[in-house]
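Have a look at the structure below before the remarks.
Below, all heavy atoms of this structure are taken into account, side chains as well, without hydrogens, waters or symmetry copies. Here the structure is a predicted model, which means the values were calculated and not measured. Proteins come first, then strands; the chains are lettered A, B, ... in the order of their sequence lines, and each starts at number 1.
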Amino acid sequence: MKGVDRKSEILDEVFENFLRGFKIFKNREVLRHDYIPDYLPHREEHIRYLGEIVAPTLGGFPCSNVFIYGKTGTGKTAVIKYVLKKLVAKARSLNSPVRVCYINCRLAGTEYRILSSLCNAIFVDVPFTGLALGEVFDRFRGGLNSEKIILLTVLDEIDVLVKERGDSLLYELTRINEDLSGSRVSIIGISNDLSFKEYLDPRVLSTLSEEEIVFKPYNASELRDILLDRASMAFQEGVLTEGALSLCAALAAAEHGDARRALDLLRVAGELAEREGSKQIVEDHVRRAKRRIEHDRMIEALKSLPLHSKFVLLSVYLLSKTGSNKSVTGDIYNVYCEVCERLGMAPLTQRRVSGLINELDVIGLLNSRVVSLGRYGRTKKITLSVPKSLVRRVFAEDERFISIIDYTPKCLMKP
DNA sequence: CGTCCACAGGAATGACGGGCGG
DNA sequence: CCGCCCGTCATTCCTGTGGACG
């Protein structure tokens, strides 16, 4: 009973602290990545250029097709959505026949869903599933021919679509204008991957990339401006310290100039500060936010691993725990086989486990490098690149592994 | 200086499951 | 709804190799 009392006291304290405590946030929403601000620092050029490209649609003319490239967090999606928002508002007031359709190809997933989104944009109903692709396409074309429409199609993460499904849909879309009387379709493609052009049919490529825009990563001072702008909306006056702001910008600039990362850092730092009742966000909050984000990412990566990859990682953990410094492929495979046996699973072959080790290396959960021990062969030295305690915690949470988490591998018993 | 260990890692092939066209 | 095809994961078989040992 005493324990219960103490627990409720703890919670009382937490709640009281929160209610009485100082509020860091004014509006947390503006730090989410799906928020589109009214002002995009250091993207004025791109906005202007895109605006000039799409402007003819307001007069009922088609516009050039555009390709936009840039790494994640360089503002591509934000700029496009911003321009579309303004365009739609303007078109409505002018009563011009512009329709826009923004589609994220990775989220849509299949050609069918992309096409059905296009149909919805011109108010053509199609069932969720069941129709042949060609049928949907015909209805789409029919809808376009029934009245005059200038359809501006934005295909975000278009590289994913092409890599997974090929460029046939793009091919059809680029040629659809030939079969239309009054209506026109223009396409804006957005890609994270510059090399993705190689996957495209040259005819599609030349039609699509009438205009090209490259979004460069933000540098630290540009990130600083972005953060400053958002922070003024997100936080109460005077909450964010100069040092914390600069550190956020510097950390994100070091990591490919990703504005999304920078905003995440700022948001988590703010949450940490608020939670502990601090009146300001200081550099230490940012550092802890960085650790926190990385920590969460690692746990997520660990949890989502396929079963046998978990076994392999667990084997490396068990070996490292014994203190013996001999984490080479052969030993790991032996321990792995023991683990499998104790859990009643059939082990994979050494060849496959070797492949899994490489995959874990690529993800960054393991470190591996080939070494030659001369007479004693050529192998791979493998170490954990995440803290042991973290591995232990994640595995201890999974009931399948509790019986094995403190196991001492047999093959190490011998001297 | 050649040998030979203990694997690395490529290629071919098989098992399985899921989506697609008819 | 069914067969077909394709991608993924895994196995089998294989050739390649840096350097301590004798």
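- Between Ile382(A) and Gly374(A), the one whose closest nucleotide on DNA chain B sits nearer the 5' end is Gly374(A).
- Atom-to-atom, CG of Leu348(A) to P of dC9(C) comes out at 12 Å; the value is rounded to the nearest Å.
- Contacts of residues 352-372 of chain A with DNA chain B (heavy atom under 4.0 Å): Ser354(A), Asn358(A), Val370(A).
- Listed pair Lys380(A) / dG9(B) meets the phosphate criterion, a side-chain N or O lying under 4.0 Å from OP1 or OP2.
- For Gln350(A), counting side-chain heavy atoms from C-beta on, the closest listed nucleotide (dC7(B), dC4(B), dA10(C)) is dC7(B).
- Residue pairs that meet the salt bridge (Lys or Arg N to Asp or Glu O under 4.0 Å) test with at least one member in residues 302-320 of chain A, sequence neighbours left out, are Lys303(A)-Glu397(A).
- Looking at the side chain of Arg375(A), the nearest of the listed nucleotides dA8(B), dA11(B), dC21(C) is dC21(C).
- Atom CG of Leu373(A) is separated from atom P of dA20(C) by 9 Å (rounded to the nearest Å).
- By the 4.0 Å N-to-carboxylate-O rule, Arg260(A) lies too far from Asp264(A) to be salt-bridged with it.
- Taking the ring axis of Tyr317(A) as reference, the NZ or CZ atom of Lys388(A) does not stay both within 45° of it and closer than 6.0 Å to the ring centre.
- The phosphate of dT11(C) has OP1 or OP2 within less than 4.0 Å of a side-chain N or O from Thr349(A).
- Using a 4.0 Å cut-off between charged side-chain N and carboxylate O, Asp225(A) and Arg230(A) make no salt bridge.
- Sorted by first and then second residue, the salt bridge (Lys or Arg N to Asp or Glu O under 4.0 Å) pairs involving residues 349-364 of chain A (not counting sequence neighbours) are Arg352(A)-Glu359(A).
- For the pair Arg43(A) and Tyr218(A), the distance from NZ or CZ to the six-membered ring centre is under 6.0 Å and the angle to the ring normal is within 45 degrees.
- Both Tyr376(A) and Arg351(A) sit near DNA chain B, but only Tyr376(A) has its closest nucleotide nearer the 5' end.
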